[in-house]
Visitor: 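One structure, as structure tokens, below. Some questions next.
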Amino acid sequence: MPAYGMWVGDSQINPFVQVEGTYESNIFQTYTDEESDFITVISPGIHYQYPTAEDASMKFNADYRADIRMYGNDGDSTIDPDGELNTIDHRLGADLFFDLASGVELAAGYAFNVTSVAPSEPGDERNPYKEHDLSGSMAYTYADTYKIEFAYDGMFRSFDEAEDADDDITRNDLQLMGFYNLSQVLSLLVGGNYAMLTREAPFFDSNEWKGYGGVEYDLTGKTTGRLVLGMVGRQFDTDLVDDPSDFYFN
């Protein structure tokens with residue numbers, strides 16, 4: 001339910017609220033002794049955009065969102081005696097985009113999440129963590145026919161409690177893609193990813209690679225769809241785990 005937008009010069013501010021109801025037949029994701037619940041999520045937030053012109057060469061967006069999750073069984077003496085089910089997640093993000101006249105596009109983004117892992121069994125505690133997500137990309141278009149894009153994504157997750165530190169994750173992902181435009185809305189693409197994952201013991205560090213080809217289609221002026229097919233594999237920093245590879249579809 002978006003509220004009416006408020007304009008300040010070339011900027012627009014949009015407060016919003018979303019209400020969602022979910023019935024979950026197995027809230028702890030267990031094989032036995034399943035517990036069901038109805039979960040209500042109230043999500044207020046605010047979105048900022050500058051400027052509002054669609055053809056602007058520079059665009060900046062920022063948003064904040066809170067997800068207030070309310071379980072029917074929160075505080076139940078058997079299912080959740082310590083009241084660990086209910087929680088509030090927070091997300092704060094921003095992104096910046098430049099479309100230069102030379103055919104170069106630059107983009108950068110950042111998101112900060114304060115969230116948690118839900119209890120895994122009755123009486124279990126909720127494990128909170130913070131996550132930083134970084135992104136950046138640079139693309140160059142030649143003669144409206146060829147395009148090459150290089151992108152970076154980083155994810156840094158750390159749990160608040162020292163005993164949960166073995167679940168901390170750092171991921172750095174590099175991506176290179178090339179495009180050939182068949183028409184104004186349809187392009188062929190070929191690309192690859194290389195990701196580096198760092199885990200705490202007893203988990204192992206690993207590197208992941210992907211190679212793929214596919215198509216990109218402009219559904220609307222603001223929405224683009226990609227269909228890719230290729231191979232994916234992972235190499236672990238230990239001989240105790242086999243290095244898998246398989247077909248990749250996205």
Side-chain angles (χ1 to χ4, degrees), residues 24-37 39 67 69 79-82 84-85 87 89-91 93 108-138 149-178 189-214 226-250:
E24 176 61 63
S25 63
N26 187 5
I27 60 175
F28 296 119
Q29 301 297 306
T30 55
Y31 291 104
T32 60
D33 300 327
E34 298 179 4
E35 297 289 350
S36 62
D37 207 345
I39 308 164
D67 291 324
R69 302 181 185 275
I79 299 176
D80 185 38
D82 297 323
E84 293 286 299
L85 287 176
T87 187
D89 298 335
H90 302 272
R91 183 191 182 279
Y110 170 74
F112 176 59
N113 295 278
V114 179
T115 180
S116 59
V117 175
S120 58
E121 60 183 359
D124 189 21
E125 65 178 9
R126 180 176 287 274
N127 298 324
Y129 67 87
K130 297 178 178 64
E131 182 175 305
H132 302 267
D133 296 310
L134 302 175
S135 63
S137 67
M138 179 174 61
E149 180 179 303
F150 174 76
Y152 164 79
D153 287 292
M155 186 267 284
F156 309 89
R157 177 183 298 176
S158 60
F159 282 78
D160 295 352
E161 304 296 335
E163 58 266 24
D164 299 323
D166 54 354
D167 289 322
D168 292 354
I169 302 176
T170 297
R171 179 185 176 100
N172 293 284
D173 195 327
L174 303 175
Q175 176 177 257
L176 181 64
M177 289 191 296
L189 70 89
V190 61
N193 291 58
Y194 187 77
M196 296 156 282
L197 288 84
T198 302
R199 303 290 307 271
E200 300 291 332
F203 300 101
F204 303 108
D205 296 348
S206 62
N207 297 323
E208 181 183 277
W209 57 266
K210 295 177 184 176
Y212 48 82
R226 287 178 181 173
L227 180 67
V228 299
L229 177 66
M231 294 292 296
V232 58
R234 177 167 292 180
Q235 297 173 327
F236 288 91
D237 292 348
T238 177
D239 295 330
L240 300 176
V241 181
D242 292 334
D243 296 331
S245 61
D246 210 334
F247 288 105
Y248 171 71
F249 175 78
N250 188 29

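As the structure is a computational prediction, the values presented were derived from the model and not from experiment.
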Visitor: Please determine if Asp173 and Arg171 form a salt bridge, counting it only when a charged side-chain N lies under 4.0 Å from a carboxylate O.
Guide: yes
Visitor: Specify the closest pair of heavy atoms between Asp164 and Asn127, including all atoms of both residues, with the distance to one decimal.
Guide: OD2-OD1, 3.4 Å
Visitor: Side-chain contact, heavy-atom cut-off 4.5 Å: Ile169 with Met155?
Guide: yes
Visitor: Tell me the closest heavy-atom pair linking Val117 and Arg126, and the distance in Å.
Guide: O-CG, 3.4 Å
Visitor: So Pro128 and Val114, do their side chains get closer than 4.5 Å, heavy atoms only?
Guide: no
Visitor: Do you know the tightest heavy-atom contact between Arg199 and Phe204?
Guide: CG-O, 3.8 Å
Visitor: With the side chain counted from C-beta on, respond yes when Asp242 and Phe236 share a heavy-atom pair under 4.5 Å apart, and no when they do not.
Guide: no
Visitor: Are any non-hydrogen side-chain atoms of Phe28 and Asp33 less than 4.5 angstrom apart?
Guide: no
Visitor: Test of understanding: with ring-ring contact (aromatic ring centres under 6.0 Å, His included), list the residues that count as partners of Tyr194, not counting sequence neighbours.
Guide: none
Visitor: Measure the CH2-OH distance between Trp209 and Tyr248 for me, rounded to the nearest 0.5 Å.
Guide: 12.0 Å
Visitor: Looking only at heavy atoms, which two atoms of Val232 and Phe247 are closest? And how far apart?
Guide: CG1-O, 4.0 Å
Visitor: With side chains defined as the heavy atoms from C-beta onward, is the minimum distance between Val228 and Lys210 less than 4.5 Å?
Guide: no
Visitor: Just checking, any donor-acceptor pair under 3.5 angstrom between side chains of Asn193 and Tyr212?
Guide: yes
Visitor: Would you give the length of the straight line joining atom CZ of Arg157 to atom CG of Asp167, rounded to the nearest 0.5 angstrom?
Guide: 9.0 Å
Visitor: Before giving the answer on side chain to side chain contact (heavy atoms under 4.5 Å, CB included), spell out for His132 and Asn113 the whole-Å C-alpha distance, their side-chain angles and the decisive distance to 0.1 Å.
Guide: CA-CA 6 Å; His132 302 267; Asn113 295 278; over 6 Å; no
Visitor: Do Gln29 and Glu24 have side chains that get closer than 4.5 Å, going by heavy atoms?
Guide: yes
Visitor: Decide side chain to side chain contact (heavy atoms under 4.5 Å, CB included) for Asp80 and Glu35; before the verdict, give the C-alpha distance in whole Å, the side-chain angles of both, and the deciding distance to 0.1 Å.
Guide: CA-CA 11 Å; Asp80 185 38; Glu35 297 289 350; over 6 Å; no
Visitor: What residues, two or more places apart in sequence or in another chain, satisfy salt bridge (Lys or Arg N to Asp or Glu O under 4.0 Å) together with Asp67?
Guide: Arg65
Visitor: Does Asn250, at its CG atom, have more than 12 non-hydrogen atoms belonging to other residues, nucleotides or ligands within less than 6.0 Å?
Guide: no
Visitor: To the closest 0.5 Å, what do you measure between CD1 (Ile79) and CD (Glu84)?
Guide: 14.5 Å
Visitor: Could you report the tightest heavy-atom contact between Arg91 and Ala111, atom names first, then the distance?
Guide: NH2-CB, 3.6 Å
Visitor: Working to the nearest 0.5 angstrom, can you tell me the gap between Asp168 CG and Glu131 CD?
Guide: 11.0 Å
Visitor: Can you tell me how far the CG atom of Leu176 sits from the CD atom of Glu149, to the nearest 0.5 Å?
Guide: 9.0 Å
Visitor: Look up atom CG in Asp37 and atom CG in Asn26, then write down how far apart they are to the nearest 0.5 Å.
Guide: 11.5 Å
Visitor: Closest heavy-atom contact between Asp89 and Ser116?
Guide: OD1-N, 4.1 Å
